[in-house]
Amino acid sequence: MALLEGRNLRKTYRLSRRNTVEALKGVEVSIEAGEMVAIMGPSGSGKSTLMHILGLLHAPDPNHGPAPELLLGGENVASLSDNARTKIRARRMGFVFQDFNLVPTLTAAENVMLACEYAGIKGKQAKVAAVEALGLVGLADRADHKPSELSGGEQQRVAIARALVNKPEIILADEPTGNLDSDRSAEVLALFRQFNREQGQTIVLVTHDSEVGDACDRVIRMRDGRIRDQGHRAVDQLAAGEAVA
Amino acid sequence: MRLVRDLGRRKLRSGLTITGIAVGIMALVVFGSMANKMNALIGGGSKYYANKAVVSVGSMYSGNIQPLSLSDVKRVEGVEGVGAAMPTLDMMLSDTGGATMGTPEMITADIPGGDKGYETFKIDLAQGRTLATADADSKVTVLGSDLARKLNANVGDTVTLRDEPFKVVGIYAPTLTAPDKDAYVPLAAAQELFVKSLPPLIQANINPSVIATGIVVYPKAGVDPEVLKTRLEAMLGKDYTVMTGKDFDAMLGSFSAIFSMVLTGIAMLSLLVGGLSTINTMAMSVAERTREIGIKRAIGASRWRIRREIVLESAMIGLIAGLIGLGIGAAMTMLFNDLGRASGNVLFDLTLGTALTAIGFSTGLGAVAGFVPAWGASRLDPVTALRYE
């Protein structure tokens, strides 16, 4: 069974009274557990919108055409309340964004602990988990530094630690390498790859960067609010290959 | 701690807002302390006047208290329901008088034991003893606490009251009310001082031993002072004023009400100014932190949590401002009291209640002011907030 499965996903944004943008025009998508998937496409293709819906940041439109379905672990989460979606984001998902988005007044460890707090883990337990997560991204010695004292690459690794700390079912990353030079991009990408391989972490990345796409198991290509290509499942190929062998 | 750090990233703005509220709270503390003192004075008077009637000639508030004669005391004693009638003599300690804040210093005299045990208003002693029947013809005095401090007198010392030496036999404990500035002397001594203060022509025609400025009338048990007042007025006629506890309360209750209104006015003003500037500060801080709120919402902070964070930060502004305002206000009241003590003017009484009210008020103000921006922040769409530049 797919970890995350969407059907009839539509989203229309109203920019003004007359001007609306149909960002998603009925999308079907399926993410398997343990997959590392890239969503690619030109600007305005709907890839970020899709990620926001998969990440429960926005709900799909309920009343344009057939009823939308969004199954997370088999449960339909398409029409949950804001509170219920927030709770799922806090406990079952991790997020990484292009601009690192750390809280400037908090240290690296405190930034990571925020995610613990929202997931209901507090105090010493949160501290231990945060330090461990920072260790995983190679920043154990930077735990007490403020974001302003860290390089861009380091900040993004803190953000990854924050996404990882609750051991979520899925990590969603929106252009995670968009503001990094190619060396730092490669580092960040290698981290994602490592967590995916070693811990079976499911990861969905939205990216412009074809190098990022190449590093993933599968690339979903979008254009004009629709999925043009669901991509090939490297995992399936691998499994098929193993069966043949 | 995180809250304080968040305030610390906009030091100037937070500082200005805090200063604004602190000034309001300081005013609240100072005027509140003044009102406490006033209310204590009035409350003390109210307690003194309870369950008795005080007779004087003319109006006490015309500033012209004419002497009564002891024969009036005899007449009053004859009225039905009177348990005891005691002549008293009150006069300003200083002839020069002049304007004093609060109550003036007084020489006050009665006959020890003249109340026949009816008096319920007792002042605790700090040192020595009260006046006794045996003191009737001596130049002795018991001083109120403020006056004792001003004269730097202890039991056994001799002080000069209206150019006459008096031996201090006792000092009362502070009451924070009018008796703190009184010198209690036996009636005979006061009568002598009183006559000496009159013009020589009048002096010659007056027998000091019959003068009083007031008669304290104690009703017998079960007799309503108001009923007694009616009888006394009927007997004494228009030239005399009879005052009961009820009259006192009616008269000075309005002072109390004015003070409460001034205090409420200050509170409303600081509410308005402090509240608006806190809303402004918090709204700006929310706008600046739009992205931060977006990320927090995205990674799982509930709307409630965002609201709580902003309301707490806003309440923290109020709390800090309250503490600063209270600190400055308390320092001011203490300084003024110290300066005033030399001249016997202790004007402020900063109570724990006033202090806690001031802190609670400013913290509550901060919290309430935080609700408006907090509500807005919690309604932000996380995706839009994340894109906010």
Side-chain angles (χ1 to χ4, degrees), chain A residues 11 13 15 23 48-49 51-53 55-59 81-107 110-121 146-148 158-159 161-166 168 171-175, chain B residues 1-15 281-282 284-317 320 370 373-389:
Chain A
K11 190 78 185 172
Y13 291 112
L15 301 179
S48 287
T49 305
M51 197 211 88
H52 295 148
I53 287 177
L56 308 190
L57 288 163
H58 280 166
S81 71
D82 180 84
N83 255 337
R85 284 190 281 129
T86 302
K87 203 170 247 180
I88 293 177
R89 288 203 302 274
R91 289 163 198 252
R92 299 169 68 180
M93 295 179 163
F95 291 86
V96 179
F97 297 93
Q98 180 172 3
D99 301 310
F100 324 143
N101 281 317
L102 302 177
V103 178
T105 45
L106 303 182
T107 64
E110 285 167 335
N111 265 288
V112 177
M113 283 164 72
L114 265 191
C116 300
E117 209 179 302
Y118 299 155
I121 298 155
K146 293 266 178 70
S148 58
V158 173
R162 183 178 62 193
L164 278 172
V165 69
N166 294 321
I171 289 182
L172 296 129
D174 192 358
E175 303 275 11
Chain B
M1 274 326 287
R2 277 192 210 163
L3 286 174
V4 177
R5 258 189 271 164
D6 274 332
L7 290 178
R9 65 172 138 168
R10 329 173 297 273
K11 287 190 185 64
L12 179 67
R13 199 191 314 146
S14 300
T281 299
M282 291 312 296
M284 283 180 75
S285 116
V286 164
E288 276 167 10
R289 272 190 277 167
T290 300
R291 280 175 63 126
E292 188 181 315
I293 291 162
I295 188 78
K296 283 178 174 171
R297 289 278 290 123
I299 68 170
S302 61
R303 288 187 168 152
W304 183 80
R305 194 182 280 269
I306 298 290
R307 277 199 286 272
R308 187 185 65 175
E309 198 172 290
I310 290 161
V311 168
L312 281 180
E313 188 176 321
S314 189
M316 182 64 94
I317 289 182
I320 295 173
W375 196 263
S378 75
R379 303 303 300 178
L380 284 170
D381 170 47
V383 174
T384 318
L386 276 169
R387 290 195 183 128
Y388 184 87
E389 293 298 328

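What you see is a predicted model, and the numbers here were worked out from it, not measured in a lab. Each chain gets a letter, A, B and so on, in the order its sequence line appears, and its residues count up from 1.
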Practice task
Could you tell me which non-hydrogen atom of Gly300(B) sits nearest to which non-hydrogen atom of Tyr118(A), and how far apart they are?
Solution key: O-CB, 3.5 Å

Practice task
Could you walk me through whether Asp82(A) and Arg297(B) pass salt bridge (charged side-chain N to carboxylate O under 4.0 Å, His left out), step by step?
Solution key: CA-CA 10 Å; Asp82(A) 180 84; Arg297(B) 289 278 290 123; 3.0 Å; yes

Problem - side-chain contact (heavy atoms from CB on, under 4.5 Å) partner of Glu292(B), the single match among Val103(A), Asn101(A), Leu106(A) - result: Val103(A)

Practice task
For the residue pair Arg303(B) and Thr86(A), establish whether any side-chain heavy-atom pair is separated by less than 4.5 Å.
Solution key: no

Handout entry: Residue among Glu117(A), Met93(A), Lys87(A), Arg85(A) with most heavy-atom pairs under 4.5 Å to chain B
Key = Glu117(A)

Handout entry: Pairwise distance CG(Leu386(B)) to NE2(His52(A)) - rounded to 0.5 angstrom
Key = 7.0 Å

Completion exercise
Here the gap from Ile295(B) atom CD1 to Leu114(A) atom CG, rounded to the nearest 0.5 Å, amounts to 9.5 Å

Handout entry: Top contributor to chain B interface from Gly94(A), Pro104(A), Gly55(A) [non-hydrogen pairs under 4.5 Å]
Key = Pro104(A)

Handout entry: Gap between atom CG of Asn111(A) and atom NZ of Lys296(B) - 0.5 Å precision
Key = 8.5 Å

Exercise for the section: Under 4.5 Å heavy-atom distance to chain B, tell me which part of Asn83(A) shows up: side chain, backbone, both or neither. Expected result: side chain

Exercise for the section: Flag the pair Arg289(B) / Thr105(A) as yes when at least one side-chain heavy-atom distance between them is below 4.5 Å, and no otherwise. Expected result: no

Handout entry: Interatomic distance, Tyr13(A) atom OH to Thr384(B) atom OG1 [nearest 0.5 angstrom]
Key = 8.0 Å

Completion exercise
Scanning both residues in full, the closest heavy-atom pair of Asp381(B) with Leu57(A) reads OD1-O, 4.3 Å

Practice task
Examine distances only and state if a side-chain atom of Arg89(A) and a backbone atom of Ala298(B) form a donor-acceptor pair shorter than 3.5 Å.
Solution key: yes

